[in-house]
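Treat the numbers as computed from the prediction; the structure is a model and nothing was measured. Convention: sequence-line order gives letters A, B, ...; per-chain numbering from 1.
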Number of protein chains: 2
Amino acid sequence: MASTPLFRRIDVAPAYQKVADAIEREIINGRIKPGEPIGTEQQLVEQFGVNRSTVREGIRVLEEGGLIRRDSSRRLQACLPRYNKLATRLSRALILHEVTFRELFETSMTLEVASVEGAVERATNENISELADNLARSAEVVEKPAALAELDAEFHVLMAKASQNRVLQLAREPAAQLFFPTTEMIVGGVAEGGARLVEAHRHLLDAIRRRDKAAGVLWTRRHLQDWRRGFEKIASLDRSVEHTYMEHAYAARQ
Amino acid sequence: MASTPLFRRIDVAPAYQKVADAIEREIINGRIKPGEPIGTEQQLVEQFGVNRSTVREGIRVLEEGGLIRRDSSRRLQACLPRYNKLATRLSRALILHEVTFRELFETSMTLEVASVEGAVERATNENISELADNLARSAEVVEKPAALAELDAEFHVLMAKASQNRVLQLAREPAAQLFFPTTEMIVGGVAEGGARLVEAHRHLLDAIRRRDKAAGVLWTRRHLQDWRRGFEKIASLDRSVEHTYMEHAYAARQ
DNA sequence: AATCTAGCTTTGTCGGACAAACCGATAAGA
DNA sequence: TCTTATCGGTTTGTCCGACAAAGCTAGATT
């Protein structure tokens, strides 16, 4: 057993980290609200009593974490971390861990089903009209794999949004970012692929309109199974989401 | 339609960002493998032809992103981003977006069910013995809410691990980090709360052993419904995961 | 051979400097 | 009068040089 400690553990965190932590605390605690300015670098230098280089290193940490950003004039302000940016990091992590498409597929199935269930229960009229708008645009590009794939990804984002569950929105994002870019390859490689995709979306939207959960789940399953069948024609589910594919998705995002 | 551009979009990214991007590319592409050294700051200064301050800012970006870390002697090396670290960031984002416990509960229900289904299908003997070990330790501290809550969180992490699905492991982590800290409050506030929790874990482990998916799902549902009932005794599901709670969870993690 | 010590390296921090971009306000032009 | 040009004053991005502390290395000592 440890004897009662005589001294507190002394803090050896480097200064830039302390700067970052201090600012982070203020934002997390709500003392600095999203959108409010943090102050100039010079002001931070004076407040913390450290060098500007040190302040700048701390700022980089927070900037990368999405807690602060620079507005149009490059001044610092607090902000709400965007799911999307963080999800990109996570997707990258998944790549490096060499996850397989099977893992991606299984998890996406779970999350998309949950997503549609939520949407059926709680979609607002605005959500529905966004989905309808997406569907209309999809129907127009049914023969263009690249455009259709992009709209497909958007459709599923909109459905997650319609679920009114932000935790779910966040949870599905990393997998979706890796999952949906393959849609283009699949739609392009399967006869009637585009038509089947739009058809599935149409039934999904219909299910949401009619508040028919069973139909929503059914068509989500079919939709993803279609993806899976298409995918297995061009690659193995058990291959890892490779670096090569990563480069592809990566270049497209830039 | 846009006319064919005469000039390429000129690159205005600041130097530290380019440094970060360049190193990131090497890691993502696998030219630098996790564990391999990046080189000293001085070497990077020479290679990139920029000042050390600039290099250091770039390094901070990557460090925060989890792509590089400093080993025991503070030398830079590439590394696999830890889910846990990234998930912490996501949890923080969820807090700032003021998500409610209802959203957290709903999503966790989905993910934990998926998790147990995977575990029933694919748990290895090692997974099972880890779970058994956790269960044994839990039984010993059934009357100590803090210790039991920690073991509960670990149990669910182990179950996700047993699912052999790393995407799922990652997806459930952010919600779990916010969800499970409340267990302590709940177990402490409900008579027989600890006993019910251990009982549920026992049935879950048993279901995994017998490869009985229905039982696994059933007991996961019961387990989480227990949490929900306990939670509703002390707070409303529709209140946001507040800053005050955040501070609590935050302080405990440090 | 094991240990100690001195020197070299590397990181974390500091101070100061300067060009470029940005802001605000004033002056010049239609 | 409304727009445009100009001109300081700020602020950021980058650079240079410096130094203490901690780690590493290799020779010196026991």
| query | What is the distance from CD of A:Q77 to C1' of D:dT12, rounded to the nearest Å? | reply | 16 Å
| query | Is the distance from OP1 or OP2 of D:dG13 to the nearest side-chain N or O of B:T54 less than 4.0 Å? | reply | no
| query | Thinking salt bridges, do A:R70 and A:E41 make one under a 4.0 Å N-O criterion? | reply | yes
| request: Using a cut-off of 6.0 Å, state whether more than 12 heavy atoms not belonging to B:E150 lie near its atom CD. | output: no
| query | Which residue, A:R52 or A:R74, contacts DNA chain C at a nucleotide closer to its 5' end, judged by nearest heavy atom? | reply | A:R52
| said: For a quick test of reading the model, state the closest non-hydrogen atom pair linking A:L76 to A:I59 and the distance between them. | reply: CD1-CD1, 3.4 Å
| request: State, yes or no, whether a side-chain contact exists between B:N134 and B:L158 at a heavy-atom distance under 4.5 Å. | output: yes
| message | Side chain of B:R75 only, heavy atoms from C-beta on: which candidate in D:dC15, D:dT12, D:dC24 is closest? | response | D:dC24
| request: Under 4.0 Å from any heavy atom of chain B: name the first and the last nucleotide of DNA chain C that qualifies, 5' to 3'. | output: C:dT10 to C:dT13
| task | Can you measure from CD1 (B:I27) to SG (B:C79) and round to the nearest 0.5 angstrom? | result | 7.5 Å
| For A:N125, does the CG atom sit with more than 12 other heavy atoms under 6.0 Å from it, leaving out its own atoms? | no
| note | Whichever of B:S53 and B:Q43 has the more 5' nearest nucleotide on DNA chain C, that residue is B:Q43
| query | Roughly how many Å is it from OH in B:Y16 to C1' in D:dT14, rounded to a whole number? | reply | 12 Å
| message | Does anything in residues 56-65 of chain A come within less than 4.0 Å of DNA chain C? Heavy atoms only, and list the residues if so. | response | none
| Is it true that B:F179 and B:H156 have ring centroids separated by less than 6.0 Å? | no
| said: Whole angstroms only, please: what is the CD-C1' distance between B:Q42 and D:dG17? | reply: 12 Å
| query | What are the two closest heavy atoms between B:T88 and B:Q177, and how far apart are they? | reply | CA-OE1, 3.3 Å
| said: Taking 4.0 Å as the cut-off, does a side-chain nitrogen or oxygen of B:N51 come that near to OP1 or OP2 on D:dC16? | reply: yes
| query | Taking atom P of D:dC16 as reference, at what distance in whole Å does atom CD of B:E41 sit? | reply | 15 Å
| query | Heavy-atom distance under 4.5 Å between the side chains of A:N165 and B:V99, does that happen here? | reply | no
